[in-house]
Asker: 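So that we are looking at the same thing, I have put the structure below in C-alpha coordinates.
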Amino acid sequence: MICASMYFLLLCITETVIGDMATFWRTYQRLMVQHPWKVQIFTAGTLMGAGDVISQQMIERRGLSGHSGWRTLKMMSIGFCFVGPVIGRWYQVLDRLVLGKTRMAALQKMLLDQVGFAPCFLACFLTVAGTLNGLSLKENWSKLKKDYPDALITNYYIWPAVQVANFYFIPLNYRLPVVQCVAIIWNSYLSWKANKL
(Lines give C-alpha, C1' and ligand atoms only; values in the text may rest on other atoms or scores of the structure.)
Protein backbone atom coordinates (compact mmCIF):
# COMPACT_ATOMS: atom_id res chain seq x y z
CA MET A 1 0.00 0.00 0.00
CA ILE A 2 2.80 2.41 0.91
CA CYS A 3 4.71 1.55 -2.29
CA ALA A 4 1.57 2.11 -4.37
CA SER A 5 1.01 5.48 -2.68
CA MET A 6 4.62 6.53 -3.26
CA TYR A 7 4.41 5.40 -6.88
CA PHE A 8 1.20 7.41 -7.39
CA LEU A 9 2.79 10.50 -5.75
CA LEU A 10 5.89 10.17 -7.93
CA LEU A 11 3.72 9.76 -11.02
CA CYS A 12 1.72 12.90 -10.15
CA ILE A 13 4.89 14.94 -9.57
CA THR A 14 6.41 13.70 -12.84
CA GLU A 15 3.27 14.55 -14.82
CA THR A 16 3.17 18.03 -13.26
CA VAL A 17 6.83 18.71 -14.07
CA ILE A 18 6.46 17.42 -17.63
CA GLY A 19 3.30 19.47 -18.08
CA ASP A 20 5.01 22.60 -16.74
CA MET A 21 8.01 22.03 -19.02
CA ALA A 22 5.72 21.55 -22.03
CA THR A 23 3.90 24.79 -21.20
CA PHE A 24 7.22 26.59 -20.74
CA TRP A 25 8.52 25.26 -24.08
CA ARG A 26 5.33 26.30 -25.96
CA THR A 27 5.54 29.79 -24.43
CA TYR A 28 9.24 30.02 -25.30
CA GLN A 29 8.58 29.02 -28.92
CA ARG A 30 5.74 31.53 -29.23
CA LEU A 31 7.93 34.30 -27.84
CA MET A 32 10.78 33.23 -30.13
CA VAL A 33 8.50 33.73 -33.14
CA GLN A 34 7.15 37.07 -31.85
CA HIS A 35 10.42 38.54 -30.50
CA PRO A 36 13.35 36.39 -31.70
CA TRP A 37 16.09 38.94 -31.04
CA LYS A 38 14.95 39.83 -27.51
CA VAL A 39 14.41 36.19 -26.54
CA GLN A 40 17.83 35.16 -27.86
CA ILE A 41 19.55 37.93 -25.88
CA PHE A 42 17.54 37.18 -22.74
CA THR A 43 18.40 33.48 -23.08
CA ALA A 44 22.11 34.22 -23.51
CA GLY A 45 22.23 36.44 -20.42
CA THR A 46 20.24 34.04 -18.29
CA LEU A 47 22.38 31.07 -19.26
CA MET A 48 25.60 33.05 -18.72
CA GLY A 49 24.34 33.69 -15.19
CA ALA A 50 23.53 29.99 -14.76
CA GLY A 51 27.06 29.15 -15.90
CA ASP A 52 28.49 31.48 -13.26
CA VAL A 53 26.33 29.94 -10.54
CA ILE A 54 27.55 26.48 -11.57
CA SER A 55 31.13 27.76 -11.60
CA GLN A 56 30.88 29.26 -8.12
CA GLN A 57 28.99 26.35 -6.58
CA MET A 58 30.30 23.25 -8.34
CA ILE A 59 33.79 24.17 -9.57
CA GLU A 60 34.93 26.65 -6.93
CA ARG A 61 32.69 25.16 -4.19
CA ARG A 62 32.01 28.54 -2.57
CA GLY A 63 28.76 27.49 -0.90
CA LEU A 64 25.75 29.77 -0.64
CA SER A 65 27.36 32.02 1.95
CA GLY A 66 30.41 32.55 -0.27
CA HIS A 67 28.47 33.06 -3.48
CA SER A 68 29.07 36.40 -5.18
CA GLY A 69 25.75 37.64 -6.53
CA TRP A 70 27.54 40.66 -7.96
CA ARG A 71 29.79 38.38 -10.04
CA THR A 72 26.73 36.47 -11.32
CA LEU A 73 25.10 39.77 -12.30
CA LYS A 74 28.27 40.83 -14.13
CA MET A 75 28.33 37.57 -16.07
CA MET A 76 24.64 37.96 -16.90
CA SER A 77 25.26 41.51 -18.12
CA ILE A 78 28.05 40.21 -20.36
CA GLY A 79 25.52 37.72 -21.74
CA PHE A 80 22.81 40.34 -22.25
CA CYS A 81 25.03 43.11 -23.65
CA PHE A 82 27.87 41.27 -25.38
CA VAL A 83 27.47 37.52 -25.91
CA GLY A 84 23.83 37.52 -27.02
CA PRO A 85 24.00 40.43 -29.46
CA VAL A 86 27.40 39.54 -30.92
CA ILE A 87 26.81 35.82 -31.43
CA GLY A 88 23.23 36.40 -32.58
CA ARG A 89 24.40 38.82 -35.29
CA TRP A 90 27.33 36.58 -36.18
CA TYR A 91 24.94 33.72 -36.95
CA GLN A 92 22.95 36.02 -39.21
CA VAL A 93 26.15 37.05 -41.04
CA LEU A 94 27.18 33.40 -41.42
CA ASP A 95 23.83 32.57 -43.00
CA ARG A 96 24.42 35.33 -45.54
CA LEU A 97 28.04 34.33 -46.20
CA VAL A 98 27.38 30.61 -46.62
CA LEU A 99 24.09 29.79 -48.28
CA GLY A 100 22.34 26.46 -48.00
CA LYS A 101 21.59 23.83 -45.40
CA THR A 102 23.79 21.03 -46.66
CA ARG A 103 26.47 19.23 -44.66
CA MET A 104 29.10 21.09 -46.66
CA ALA A 105 27.50 24.44 -45.80
CA ALA A 106 27.41 23.47 -42.11
CA LEU A 107 31.09 22.49 -42.27
CA GLN A 108 31.99 25.78 -43.98
CA LYS A 109 30.08 27.76 -41.33
CA MET A 110 31.82 25.85 -38.56
CA LEU A 111 35.23 26.55 -40.09
CA LEU A 112 34.48 30.27 -40.44
CA ASP A 113 33.12 30.29 -36.89
CA GLN A 114 36.03 28.46 -35.31
CA VAL A 115 38.91 29.89 -37.35
CA GLY A 116 37.71 33.46 -37.87
CA PHE A 117 35.20 34.29 -35.16
CA ALA A 118 35.99 32.23 -32.06
CA PRO A 119 39.57 33.47 -31.49
CA CYS A 120 38.49 37.13 -31.71
CA PHE A 121 35.32 36.61 -29.70
CA LEU A 122 37.14 34.78 -26.91
CA ALA A 123 39.78 37.52 -26.63
CA CYS A 124 37.05 40.17 -26.49
CA PHE A 125 35.07 38.18 -23.91
CA LEU A 126 38.06 37.81 -21.59
CA THR A 127 38.89 41.50 -22.02
CA VAL A 128 35.32 42.60 -21.25
CA ALA A 129 35.20 40.33 -18.20
CA GLY A 130 38.55 41.64 -16.98
CA THR A 131 37.40 45.23 -17.41
CA LEU A 132 34.19 44.54 -15.47
CA ASN A 133 36.32 42.93 -12.77
CA GLY A 134 38.21 46.22 -12.41
CA LEU A 135 41.49 45.19 -14.02
CA SER A 136 43.70 47.93 -15.38
CA LEU A 137 44.73 47.83 -19.03
CA LYS A 138 48.11 46.33 -18.07
CA GLU A 139 46.55 43.74 -15.71
CA ASN A 140 43.95 42.84 -18.33
CA TRP A 141 46.62 42.35 -20.99
CA SER A 142 48.68 40.19 -18.62
CA LYS A 143 45.64 38.07 -17.71
CA LEU A 144 44.69 37.74 -21.36
CA LYS A 145 48.19 36.50 -22.29
CA LYS A 146 48.05 33.98 -19.45
CA ASP A 147 44.47 32.67 -19.95
CA TYR A 148 43.81 33.01 -23.68
CA PRO A 149 45.83 30.08 -25.07
CA ASP A 150 44.30 27.57 -22.64
CA ALA A 151 40.78 28.94 -23.22
CA LEU A 152 41.19 28.77 -27.01
CA ILE A 153 42.46 25.18 -26.90
CA THR A 154 39.56 24.21 -24.63
CA ASN A 155 37.22 25.93 -27.10
CA TYR A 156 38.49 23.67 -29.87
CA TYR A 157 37.79 20.55 -27.82
CA ILE A 158 34.13 21.50 -27.41
CA TRP A 159 32.79 23.69 -30.18
CA PRO A 160 33.61 22.33 -33.66
CA ALA A 161 31.35 19.26 -33.34
CA VAL A 162 28.62 21.25 -31.57
CA GLN A 163 28.68 23.93 -34.25
CA VAL A 164 28.50 21.52 -37.19
CA ALA A 165 25.38 19.99 -35.65
CA ASN A 166 24.02 23.44 -34.80
CA PHE A 167 24.50 24.80 -38.32
CA TYR A 168 23.14 21.65 -39.98
CA PHE A 169 20.11 20.79 -37.84
CA ILE A 170 19.00 23.97 -36.04
CA PRO A 171 17.04 26.88 -37.62
CA LEU A 172 18.73 30.29 -37.38
CA ASN A 173 16.52 31.74 -34.61
CA TYR A 174 17.21 28.75 -32.35
CA ARG A 175 20.99 28.54 -32.85
CA LEU A 176 21.94 30.99 -30.11
CA PRO A 177 19.65 29.38 -27.50
CA VAL A 178 20.85 25.89 -28.46
CA VAL A 179 24.47 26.97 -28.24
CA GLN A 180 23.82 28.69 -24.91
CA CYS A 181 22.24 25.53 -23.49
CA VAL A 182 25.30 23.54 -24.50
CA ALA A 183 27.38 26.44 -23.29
CA ILE A 184 26.22 26.24 -19.69
CA ILE A 185 29.29 24.08 -19.10
CA TRP A 186 31.40 26.36 -21.32
CA ASN A 187 30.06 29.43 -19.50
CA SER A 188 30.99 27.82 -16.19
CA TYR A 189 34.52 27.34 -17.50
CA LEU A 190 34.67 30.90 -18.87
CA SER A 191 33.37 32.34 -15.64
CA TRP A 192 35.95 30.41 -13.67
CA LYS A 193 38.71 31.46 -16.13
CA ALA A 194 37.62 35.11 -16.23
CA ASN A 195 37.35 35.42 -12.44
CA LYS A 196 40.40 33.37 -11.47
CA LEU A 197 43.18 35.51 -10.06
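Everything numeric in this text was worked out from a predicted model, so none of it was measured.
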Asker: Roughly how far apart are Leu112 CG and Leu107 CG, rounded to 0.5 Å?
Answerer: 10.0 Å
Asker: Without hydrogens or angle criteria, can the side chains of Gln29 and Arg26 be said to hold a donor-acceptor pair below 3.5 Å?
Answerer: no
Asker: Indicate, with yes or no, if Trp159 and Val164 share a hydrophobic cluster defined by side-chain heavy-atom contacts under 4.5 Å among Ile, Leu, Val, Met, Phe, Trp and Tyr.
Answerer: yes
Asker: In terms of relative ring orientation, are Phe117 and Trp90 parallel, tilted or perpendicular, with 30° and 60° separating the classes?
Answerer: parallel
Asker: Suppose we screen for side chain to side chain contact (heavy atoms under 4.5 Å, CB included). Which residues come up paired with Thr102, at least two apart in sequence or across chains?
Answerer: Met104, Ala105
Asker: Between Ser142 (side chain only) and Lys138 (backbone N and O only), is there a donor and an acceptor less than 3.5 Å apart?
Answerer: no
Asker: Would Asn195 and Met75 satisfy side-chain contact (heavy atoms from CB on, under 4.5 Å), going step by step from the backbone distance to the final call?
Answerer: CA-CA 10 Å; Asn195 291 285; Met75 291 303 290; 4.1 Å; yes
Asker: Has Arg103 got more than 12 heavy atoms of other residues, nucleotides or ligands less than 6.0 Å from its CZ?
Answerer: no
Asker: Between Ser191 and Arg71, is any side-chain donor less than 3.5 angstrom from a side-chain acceptor?
Answerer: yes
Asker: Kindly give the heavy-atom pair with the smallest separation between Arg62 and Ser68, and that separation in Å.
Answerer: NH1-CB, 3.9 Å
Asker: If you look at every heavy atom in Gly116 and Cys120, which pair is closest and at what distance?
Answerer: O-SG, 3.6 Å
Asker: Please report the interatomic distance CG(Leu144) to SG(Cys124), rounded to the nearest 0.5 Å.
Answerer: 9.0 Å
Asker: When rounded to the nearest 0.5 angstrom, what distance separates OH in Tyr91 from CG in Asn173?
Answerer: 13.0 Å
Asker: With sequence neighbours excluded, tell me which residues meet ring-ring contact (aromatic ring centres under 6.0 Å, His included) with Tyr156.
Answerer: none
Asker: Group every Ile, Leu, Val, Met, Phe, Trp and Tyr by side-chain heavy-atom contacts under 4.5 Å, then state whether Phe121 and Phe80 land in the same group.
Answerer: no
Asker: Hey, any chance Ile185 and Val53 share a hydrophobic cluster, counting ILVMFWY side chains that come within less than 4.5 Å of each other, even indirectly?
Answerer: no
Asker: Mind checking ring-ring contact (aromatic ring centres under 6.0 Å, His included) for Tyr174 and listing every partner two or more places apart, or none if nothing turns up?
Answerer: none
Asker: Can any side-chain N or O of Tyr148 pair as donor or acceptor with the backbone N or O of Pro119 at less than 3.5 Å?
Answerer: yes
Asker: Kindly indicate, with the supporting measurements, whether the criterion side-chain contact (heavy atoms from CB on, under 4.5 Å) is fulfilled by Ile59 and Tyr189.
Answerer: CA-CA 9 Å; Ile59 297 172; Tyr189 169 79; 5.7 Å; no
Asker: Would you check, one step at a time, whether the test side-chain contact (heavy atoms from CB on, under 4.5 Å) holds for Lys193 with Thr154?
Answerer: CA-CA 11 Å; Lys193 189 60 102 174; Thr154 303; over 6 Å; no
Asker: Of all heavy-atom pairs between Asn140 and Thr127, which one has the smallest distance, and what is that distance?
Answerer: ND2-O, 3.0 Å
Asker: If you measure from CG on Leu122 to CG on Asn155, what distance do you get to the nearest 0.5 Å?
Answerer: 6.0 Å
Asker: Got a second to check how far Lys145's NZ is from Leu126's CG, nearest 0.5 Å?
Answerer: 14.5 Å
Asker: If we ignore hydrogens and angles and just use 3.5 Å, is the side chain of Ser77 paired with the main-chain N or O of Lys74 as donor and acceptor?
Answerer: yes
Asker: Identify each donor-acceptor pair in which a side-chain atom of residues 33-45 lies under 3.5 Å from a protein atom, sequence neighbours left out, and give them as a table.
Answerer:
unit_1	atom_1	unit_2	atom_2	d
Gln40	NE2	Pro36	O	3.3
Thr43	OG1	Tyr28	OH	2.8
Thr43	OG1	Val39	O	2.7

Asker: Return the CD1 to CG distance between Ile87 and Leu94, rounded to the nearest 0.5 Å.
Answerer: 11.0 Å
Asker: Not counting sequence neighbours, which residues clear ring-ring contact (aromatic ring centres under 6.0 Å, His included) with Phe125? List them please.
Answerer: none
Asker: Could you pull out all residues at least two apart from Asp95 that satisfy salt bridge (Lys or Arg N to Asp or Glu O under 4.0 Å)?
Answerer: Lys109, Arg175
Asker: Which heavy atom of Tyr168 sits nearest a heavy atom of Lys101, and at what distance?
Answerer: CE1-O, 3.3 Å
Asker: Could you report the tightest heavy-atom contact between Gln57 and Leu64, atom names first, then the distance?
Answerer: OE1-N, 3.7 Å
Asker: Any idea which heavy atoms bring Trp186 and Ile158 closest together, and the distance?
Answerer: CE3-CD1, 3.6 Å
